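Owing to the predicted nature of the structure, the values given are computational and were not obtained by experimental measurement.
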Amino acid sequence: MPRMISFMLTRLATGFAIGCATGFLVWQNGFLSSSAAAGTLENYLAQGLFMYLFASTISMGYLATALLLEEE
């Protein structure tokens, strides 16, 4: 695999993992105040989309920052 593609995939995956963890923590600490709907399918879908929102945003920002700071 060419070095640039490997660099990009590594940074995207790392940023996605950081974003998933952040989205999960924000959801658990901020949005789950009422436990009445804690086990519904809609709640799980909303949590998954919320985590994806954080993960995709942070992964692109992480990649852009890594590309900006990469020196060769």
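- Taking a 4.5 Å side-chain heavy-atom cut-off between Ile, Leu, Val, Met, Phe, Trp and Tyr, the cluster of L49 extends to L45.
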Could you go through residues 54-63 and list every donor-acceptor pair under 3.5 Å that involves a side-chain atom there, pairing it with any protein atom two or more places apart or in another chain?
from : atom 1 : to  : atom 2 : distance (Å)
S56  : OG     : Y52 : O      : 3.0
S56  : OG     : L53 : O      : 3.3
T57  : OG1    : L53 : O      : 2.9
S59  : OG     : A55 : O      : 3.1
S59  : OG     : S56 : O      : 3.0

Just distance, no hydrogens or angles: give the donor-acceptor pairs under 3.5 Å from side chains in residues 5-22, sequence neighbours left out.
from : atom 1 : to  : atom 2 : distance (Å)
T10  : OG1    : S6  : O      : 2.7
T14  : OG1    : T10 : O      : 2.8
T22  : OG1    : I18 : O      : 2.8

